[in-house]
**Q** 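Before I ask anything, let me first share the structure, which is written out below as structure tokens.
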Protein chains: 2
Amino acid sequence: MSLASSQVAIRFHPPSYDIRVESVPIPEIIHPDDAIVKIHFSGLCGSDLHVYRGHEAIDKIHTCGHEFIGQIVKLGSSFSVHSQRLPTLYANLKIGDKVVCPFTTSCGECRVCRSGFTCRCIQSKLFGSPALEGAQAQYIRVPNAGGTLFNLSDPDTWPVSTPKQVSDSSLLLLADILPTGIFAVIQALSHPKVLPVLAATPWPLHGQAFSDTSGLFPKENVPTFAIIGLGPVGVCTTISLLDQLGKRQLPSGFRIVAVDPIESRRNKMRSIYSKVCDSEVRSREIFEVQSIKEAKETVQTWTSGVGCSAVLEVVGNNSALALAYELVQPFGTISSVGVHGERPFPLTGGQLYDKNVSFDFGRCPVRSLFPMAFDLLIKRQDIFGGIGDESGLIDRIVGFDEAVEMYAAFDKGVVGKIVFDPWKKI
Amino acid sequence: MSLASSQVAIRFHPPSYDIRVESVPIPEIIHPDDAIVKIHFSGLCGSDLHVYRGHEAIDKIHTCGHEFIGQIVKLGSSFSVHSQRLPTLYANLKIGDKVVCPFTTSCGECRVCRSGFTCRCIQSKLFGSPALEGAQAQYIRVPNAGGTLFNLSDPDTWPVSTPKQVSDSSLLLLADILPTGIFAVIQALSHPKVLPVLAATPWPLHGQAFSDTSGLFPKENVPTFAIIGLGPVGVCTTISLLDQLGKRQLPSGFRIVAVDPIESRRNKMRSIYSKVCDSEVRSREIFEVQSIKEAKETVQTWTSGVGCSAVLEVVGNNSALALAYELVQPFGTISSVGVHGERPFPLTGGQLYDKNVSFDFGRCPVRSLFPMAFDLLIKRQDIFGGIGDESGLIDRIVGFDEAVEMYAAFDKGVVGKIVFDPWKKI
């Protein structure tokens with residue numbers, strides 16, 4: 001296929017708050033493992049704001065964005081039928097395939113990838129960073145494409161329950177925010193300090209019990225969670241937590257407080273939750289959406305001052321971490337998927353020791369979580385497939401002509417999830 | 001029983017490095033749940049050194065120590081046969097019973113205790129602190145004695161394999177260091193990032209696999225651990241880790257590097273390990289005892305620069321935490337049981353995010369781990385029961401006349417585990 005030589009892209013200009021729509025060259029294959037993808041949709045994500053605000057001290061002009069869905073238009077020679085290399089990874093992609101891409105590349109070959117920790121692949125690069133041009137463009141080069149891209153054209157990869165209509169804009173959510181929300185949840189729910197609470201049995205799960213086992217886990221000991229941050233990732237986290245806990249049929253039910261200082265986000269979350277309630281029989285669950293001050297009081301009241309079993313932190317700043325510490329119970333765990341750049345760390349070793357806190361930090365291995373994310377995406381098309389309505393996750397689909405305005409509005413928290421259509425006339 | 005009115009105790013005098021043997025009153029029952037215990041042995045522990053060195057900025061003169069074994073000589077009215085309160089917890093103790101005590105008190109009644117998190121009981125107090133007089137004395141008052149003391153006179157609580165001879169000095173190890181070592185190990189081995197590595201399956205453990213499952217976990221992907229600190233707790237941690245991993249019959253075996261900057265500690269560890277090797281058929285395990293510099297190179301070589309699956313940090317200072325971060329792999333976990341008082345925290349949120357690090361911090365819930373610790377204590381009497389020999393854990397049993405000298409020697413790392421006999425003529 002012959003492509004034009006230039007395309008339009010959203011570019012970051014250092015040091016901060018400077019986004020420009022510019023003409024740049026269309027990328028070429030530069031390594032045999034590369035693919036070139038024509039982008040259908042790309043997302044604006046909360047972590048783009050870390051760059052935009054200048055918090056990451058980036059001094060290189062580069063194309064923004066790390067979420068995209070599109071179609072393969074060129075493939076490197078590794079994908080040739082004559083190549084004997086990496087048959088499984090490199091036989092599953094062909095020109096014309098519809099693909100969604102994790103926000104980081106993964107080779108699929110190294111020990112770290114094969115352990116399932118794909119976001120920390122030893123060759124991993126983050127799209128939309130100085131190391132790799134981003135997705136808010138019309139075309140993108142994908143290194144290690146065989147290990148990175150998820151092929152949506154392959155019916156074997158689709159959940160059996162898939163309806164005929166799944167919106168492309170909702171599939172974009174697989175690139176980052178839906179798996180990231182799921183990641184926050186499974187880190188919390190699989191933690192050895194949380195598993196016994198869910199099972200209403202004392203820690204350690206497979207240990208011998210405290211001598212008096214009668215009266216263990218009294219009625220008031222309901223698994224209790226807080227989610228800090230109700231931007232788009234926070235909404236995905238909440239939907240996933242409700243889904244996971246709902247499936248488990250916990251004998252004592254559960255309680256969740258979802259926290260955000262911004263009222264419009266709280267309203268959106270409430271409206272989305274009402275859709276969850278409408279579509280399923282919900283029982284033995286308590287769900288509150290509150291401001292920070294309200295949430296502190298709620299956790300205090302619910303738990304008689306003890307705190308939450310787990311706190312899911314999806315913001316990525318020090319005040320969110322400090323709040324997580326305040327809300328978590330002794331022997332509780334904090335699952336933190338926010339991108340942290342602030343210094344110094346807001347907690348001391350003494351504080352962590354004194355409360356026996358567990359922490360899980362870091363970036364979601366999206367490539368490993370695609371199957372779980374895909375299932376939830378299909379199950380909740382009512383939420384993930386909606387655009388612009390009260391209870392749809394995506395707020396607006398816009399052209400690059402609105403890029404400058406949308407970055408500024410998202411920075412102020414006055415719009416929700418924004419999706420770019422790079423082909424909309426500008 | 002009528003007691004004399006005064007006893008001898010080892011007392012800390014602020015601000016630092018000032019330990020004195022003094023005559024103090026014998027404690028009395030002051031609450032119906034109290035017990036008074038006549039102490040047979042009490043331990044000198046690494047965390048006593050935090051107080052001794054003035055790192056905890058304690059300004060109150062108090063009796064030191066938080067490890068003891070002894071015999072009940074007085075009980076509060078809650079233990080009376082006429083009391084209808086807490087029958088299970090308070091019916092299991094009588095005057096004359098031999099008991100061992102966790103280093104913190106636990107009521108056994110609150111939600112936190114019943115969840116198994118006994119060291120964070122809402123009434124919990126640490127022995128040998130300004131809040132509660134310590135164990136380096138002849139008598140001690142134990143608050144919440146029904147929920148705190150472990151009755152060694154009750155044959156139902158002893159493992160079935162118990163031999164007739166178990167040394168009293170080894171039973172003292174149940175008060176802190178042996179359960180603390182086990183705690184470091186079970187936190188690491190039950191972590192959801194480590195479980196799949198042990199099972200030679202990709203993360204997440206119950207998720208769907210990365211698309212190419214062939215060749216997962218190649219031969220070189222051997223579960224790899226580092227233990228930082230080979231003082232007495234580090235030795236207990238190492239013995240427990242070897243025991244736990246040995247039981248699991250891992251298909252790919254395992255590798256451990258045990259690290260300490262002090263040569264005498266490394267030699268002691270090697271000598272203890274040779275006893276483990278002599279008594280069991282060991283295969284598919286690699287065990288090294290090394291200096292910090294050597295260990296960094298070893299982990300680099302073993303893992304091709306990727307790092308350890310888990311690091312067990314049993315020191316409690318910032319350089320140990322920083323080393324743990326350096327040695328752990330992306331998506332690895334750090335189990336930290338050291339007492340941390342230093343500021344600021346030596347890692348940034350950015351570092352934790354960048355390596356997807358998990359942390360488990362804090363104090364061991366000894367009361368919940370007694371059964372596991374008891375089993376290991378009995379199984380390895382050859383190590384825990386020895387006194388003063390090359391491969392016994394306890395270095396010396398001394399009287400209070402040697403207290404000043406022993407604190408100074410332990411502070412310098414030139415002696416190992418010291419046990420005080422408070423009745424030895426001084």
Side-chain angles (χ1 to χ4, degrees), chain A residues 88-89 92 108 111-120 122 186-187 190-192 196-197 202-204 207-208 210-212 214-218 220-221 306 318 321 330-331 339-345 347-350 352-353 355-363 365 367-369 371-372, chain B residues 88-89 92 108 111-120 122 186-187 190-192 196-197 202-204 207-208 210-212 214-218 220-221 306 318 321 330-331 339-345 347-350 352-353 355-363 365 367-369 371-372:
Chain A
T88 312
L89 285 172
N92 72 347
R111 166 178 153 171
V112 183
C113 275
R114 289 181 175 191
S115 302
F117 308 141
T118 49
C119 61
R120 297 296 171 200
I122 59 174
I186 66 172
Q187 288 200 129
S190 63
H191 198 281
V197 178
W203 178 95
Q208 291 138 297
F210 193 79
S211 61
D212 178 17
S214 66
L216 272 167
F217 277 75
E220 72 272 21
N221 202 2
V306 171
N318 276 354
L321 274 184
F331 266 80
V339 180
H340 287 278
E342 268 184 273
R343 289 160 182 259
F345 194 69
L347 303 169
T348 65
L352 299 171
Y353 179 87
K355 220 171 175 178
N356 274 64
V357 172
S358 291
F359 261 114
D360 295 296
F361 279 94
R363 160 190 290 177
R367 191 65 184 73
S368 290
L369 289 183
M372 282 180 76
Chain B
T88 311
L89 285 172
N92 71 348
R111 167 178 153 172
V112 183
C113 275
R114 288 181 175 190
S115 302
F117 307 142
T118 50
C119 61
R120 298 296 171 199
I122 58 175
I186 65 174
Q187 286 199 131
S190 64
H191 198 279
V197 178
W203 178 95
Q208 291 135 297
F210 194 79
S211 61
D212 179 15
S214 65
L216 271 167
F217 279 75
E220 72 273 20
N221 202 4
V306 171
N318 276 353
L321 274 183
F331 266 82
V339 180
H340 287 279
E342 268 183 274
R343 292 159 181 258
F345 194 67
L347 303 168
T348 67
L352 299 172
Y353 180 86
K355 221 172 175 177
N356 274 66
V357 172
S358 291
F359 261 114
D360 296 295
F361 280 95
R363 158 191 292 178
R367 192 63 185 73
S368 290
L369 289 182
M372 285 179 75

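Chain letters run A, B, ... following the sequence lines, proteins first, then strands; residues in each count from 1. As a basis for the values below, the full set of heavy atoms in this structure was taken, side chains included, without hydrogen atoms, waters or symmetry mates.
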**Q** With a 4.5 angstrom heavy-atom cut-off, which part of A/V306 approaches chain B: side chain, backbone, both or neither?
**A**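 The side chain, not the backbone.
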
**Q** Looking at B/S358, is its backbone amide N or carbonyl O close enough to the side chain of A/D360 to form a donor-acceptor pair, meaning the two atoms are under 3.5 Å apart?
**A**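 Looks like no, no N/O pair under 3.5 Å.
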
**Q** Given that the side chain runs from C-beta out, which part of A/R363 has a heavy atom under 4.5 Å from chain B: side chain, backbone, both or neither?
**A**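 It is both, since atoms from each part get that close.
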
**Q** Taking ring pair (Phe, Tyr, Trp, His ring centres under 6.0 Å) as the definition, give me every residue that meets it alongside B/H191, ordered by chain and number, with sequence neighbours left out.
**A**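 Partners of B/H191 by the ring pair (Phe, Tyr, Trp, His ring centres under 6.0 Å) criterion, ordered by chain and then number, come out as A/H191.
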
**Q** Identify which of A/P330, A/G341, A/P192, A/C119 forms the greatest number of heavy-atom pairs closer than 4.5 Å to chain B.
**A**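 Max contact count across the listed options: A/P192.
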
**Q** What part of B/V112 gets within 4.5 angstrom of chain A, counting heavy atoms only: side chain, backbone, both, or neither?
**A**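 Side chain only.
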
**Q** In terms of ring plane angle, is the pair A/W203 and B/F117 parallel, tilted or perpendicular, where the classes change at 30° and 60°?
**A**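 A/W203 and B/F117: tilted rings.
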
**Q** I need the minimum non-hydrogen distance between B/P204 and A/I186, along with the two atoms involved.
**A**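 Result for this residue pair: CB-CD1, 4.2 Å.
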
**Q** Restricting to side chain to side chain contact (heavy atoms under 4.5 Å, CB included), what partner residues turn up for A/F345, sequence neighbours left out?
**A**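 Residues passing side chain to side chain contact (heavy atoms under 4.5 Å, CB included) with A/F345: A/L321, A/L347, A/L352, A/F359, A/F361, B/F345, B/L352.
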
